[in-house]
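Worksheet: one structure, shown below.
Note that these values count all heavy atoms, side chains included, but never hydrogens, waters or copies made by symmetry. All figures in this text were calculated on a predicted structure; none of them were measured in a lab. Each chain gets a letter, A, B and so on, in the order its sequence line appears, and its residues count up from 1.
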Amino acid sequence: MPTSKTASLDRRRFLAVSAGAALGASALSACAGSVGNTANGSGSGKTTLTVMTVQNEWDKNALKAAEEALGMNINVIIWDPTKLNAMLAAKNPPDVVRGFGATETPYFAARGLMTDLDPYFAKSSALKVSDLDPVNDVWRYDGKKQGAGPRYGMAKDYSQDSMFWYRTDLFEAAKLDVPSATEPISYDEWLDLGKKLVKRRLGKVKVYGLNATGMGVFPQLMGMTASAGGSLFAEDLATVDFSSPEALKALQWYLDYAKADIGPSVTNPNPDGWDGPTYQANRMAMSCNGYWFGGLIGGDPKLAAASRFAPAPQLGGNRVSSCFGATGFWIPRDAKNKDASWKFFEWYFGGKPAQDRAASGWGIPSLTSLRSRMPQTNAFQKQAFQVQEQELPHFSVLSFTPYAQQAALEGVLTKVLPGAVKSGTPAGKVADTLNSRMNEQLAQGKELVG
Amino acid sequence: MSTGQITAPGAPSPSGEAAARPGPRTGAHSARRRRSLSSRRALSFYVFAGPWVLGFLALTAFPLGYALWLSLTNADGLSNNSRFVGLDNYREVFTDPETMSSLARTGIFTAITVPLTLAAGLLLAILVNQPIRARGVFRTLLYLPAVVPPVGAALTFKLIFDRDSGAANGALDALNLDGISWLMDPYARWVLVTLTLWGAGNAMIVSLAGLQDVPKELYEAARIDGANTWQSFSRITLPLLSPVLFFQVITGIIAAVQSFLPLLISLDPTPRGVTAVPEGNYLFMIHVFAQYFANGRYGYASAMLWVLFLIIVAITFLVFKLSKGAVFYAVDPEPDKQSRPRTLGGK
């Protein structure tokens, strides 16, 4: 269409106006986003709290109970680390976020993304610092190490994740003595038991002898190295060293485990993503999951009758039994409703939900005052409780790095280890590769954190 | 308002409104009227084009520009200390073995799925183009998978091929055969290829439309000349269908190179997440995703996406060049100036 050069709105001006309008629209939509998070979503005048959490713990009834108890509307966003990162990057995070205190606190805290909860704890009558289980220290970070400094979150419950469950029926079938309930076995003994318990058919595993990693390979290697008297991370948490004698011992053990093909590993991952279905289906003799896994077992009387709990195996003389999760909640620095978020904290961690969780057997409560509520009715529960009580003194906080997320380090292991297992690469060489690739990532992260 | 008819610049309005107005007309008055008309036309153009331009600026130009800027930094999206790194990220794309292997894997995946999908779509189109009973039902059934949202299709496949509760292993179990870990290496890549082929109904419907445009007289003439079925297919059907097939090749390559569905059918719901996707399905876009959200390397991942964009442009250009002589257009897309149709008004 022909247009006049003297038209009142020429192309250049039009594009300039359009660009301005587009930026304006973006700004408006951003404002709209923030308004949506802060204002009442239902028009009832109540605060709307946006909680990012997992779906299976928040059915309609739970949500209704929460809204009634808190007197606010709750907008649940399904937990997704990708979505969380995107929301944090956009400075429009949820008000409350579910997370793994043990592996996430340094990363987010070092970037200034978490709210310091110390002032809230100081004022609270529902949550007293003196009542906090030591596991809550994994939610602390002082800028140099985990376990000290401000509290950035709180665990809803926890486990010492290297402890393991075993099926007495499969031990009986294999004519093996069951592990001690008081004395930890060595990792080598554990591997040997796994080899004896595995059942194969036509060369394929029908019943796993052992799953050695419940919460990821990297934290497990951290725990093993610590129990051998070493540390996977350097003191400044900026590098890893798989070549130290203790870490190399742990790495060699894992390579042997994966090569033995007696359980899920980086070379043969469990498609379910966790041990529950496999263990329940009589296809796993020993499962490395802490006390929380007892919640699943306790819900199945036959399984409970055949299952027992054991202390964490040890790679050396240093008895360490860490927690690799300490799943709980934290409040992002840019959250819009911090006071309402804390109200949620007090109710969720100190109110009826916390009491119910403590009695369910799905993890150890994170308030010491609730420990007496842990289930001890039947033989299975009593045995698990006793073993857990004996393990508690050996809990320690292992500092995770602030310079990379666990997924990134697991990614390196997932890429490097399968080839190494298949080719039989010596552990020393594998350690060098891991050091090189992980330290490169950590250096990039350190540059960004400063 | 203009009637919308095509008018040569400077030509009198075909509506005749100027001619119908009585009274003498000065040159200045006429020029003012022309300017006013032009302004109104310009305004109507801008009003109609405006929403698209706004959408383009806000949703395409700005994100692209921002991604380009990110690709020149070491940003992780969460830290405040990111800095300009020039072309370092681009250099790394071409020197990182993992990136290169994921790119090569994507190339192989594309080389397998595009021809297979094209062939399957064409075969199905030929079959449902036959005068058979309940032809419409077959067409609908075969097209149905293409209508299923890709996410739904991927999750369905995940359920079918689940190791413990999937129908595929259920069938093997019924035959007293051992189950297979379909979603792990080495089977995962073939599940992915199957999933891609499952959506061949889309190619079928495009090919079917092309087939129905082939004049029947050509087949009749060929039959009279003694041509057999294969000769009719290769000398009539394929050449006349070539623009349609070419379109599918181009769009198929672009879709395959950007394939992201394997994430859904192989995602491990543990902290390992996306990095635990089986190696066979670890395609370029999944590596991009891992760099963004597992490794927090927004800058590097953005550079990878820009490189992918350039690769797609290059492949498209190459395919266009290679297709010369193989694609037969009913109308020459580049007519010479002599044969170009004249505009209204003969200018």
From R111(A) CZ over to N81(B) CG, what is the distance, rounded to the nearest 0.5 angstrom? 9.5 Å

For A408(A) against A294(B), the heavy-atom pair lying closest together: CB-O, 3.4 Å

Could you check F293(B) against D80(A) for side-chain contact (heavy atoms from CB on, under 4.5 Å), going step by step and ending with a plain yes or no? CA-CA 11 Å; F293(B) 296 109; D80(A) 176 348; over 6 Å; no

Taking the side chain as C-beta and beyond, is there a heavy-atom pair between R83(B) and E447(A) under 4.5 Å? yes

Taking A75(B), S82(B), S79(B) one by one, which has the highest count of heavy-atom pairs under 4.5 Å against chain A? S79(B)

How long is the straight-line distance from OH of Y282(B) back to OG1 of T414(A), given to the nearest 0.5 Å? 9.5 Å

Relative to chain B, which segment of L113(A) carries a heavy atom at a distance below 4.5 Å: side chain, backbone, both, or neither? side chain

Below 4.5 Å from any heavy atom of chain A, which atoms of Y292(B) appear? Answer side chain, backbone, both or neither. neither

Contact class of T278(A) relative to chain B, heavy atoms under 4.5 angstrom: side chain

Side chain / backbone / both / neither for E279(B) at chain A, heavy atoms under 4.5 Å: neither

Which of D185(B), L78(B), L59(B), N74(B) touches chain A most, by non-hydrogen pairs under 4.5 Å: L78(B)

Counting neighbours of OH on Y187(B) that are heavy atoms of other residues, nucleotides or ligands and sit closer than 6.0 Å, is the number greater than 12? no

Are any non-hydrogen side-chain atoms of Q444(A) and N295(B) less than 4.5 angstrom apart? no

In this structure, are over 12 heavy atoms from other groups packed under 6.0 Å from Y66(B) atom OH? no

Looking only at K91(A), Q441(A), K206(A), Q405(A), most heavy-atom pairs under 4.5 Å shared with chain B are made by Q441(A)

Side chain, backbone, both or neither: which part of F218(A) has a heavy atom under 4.5 Å from chain B? neither

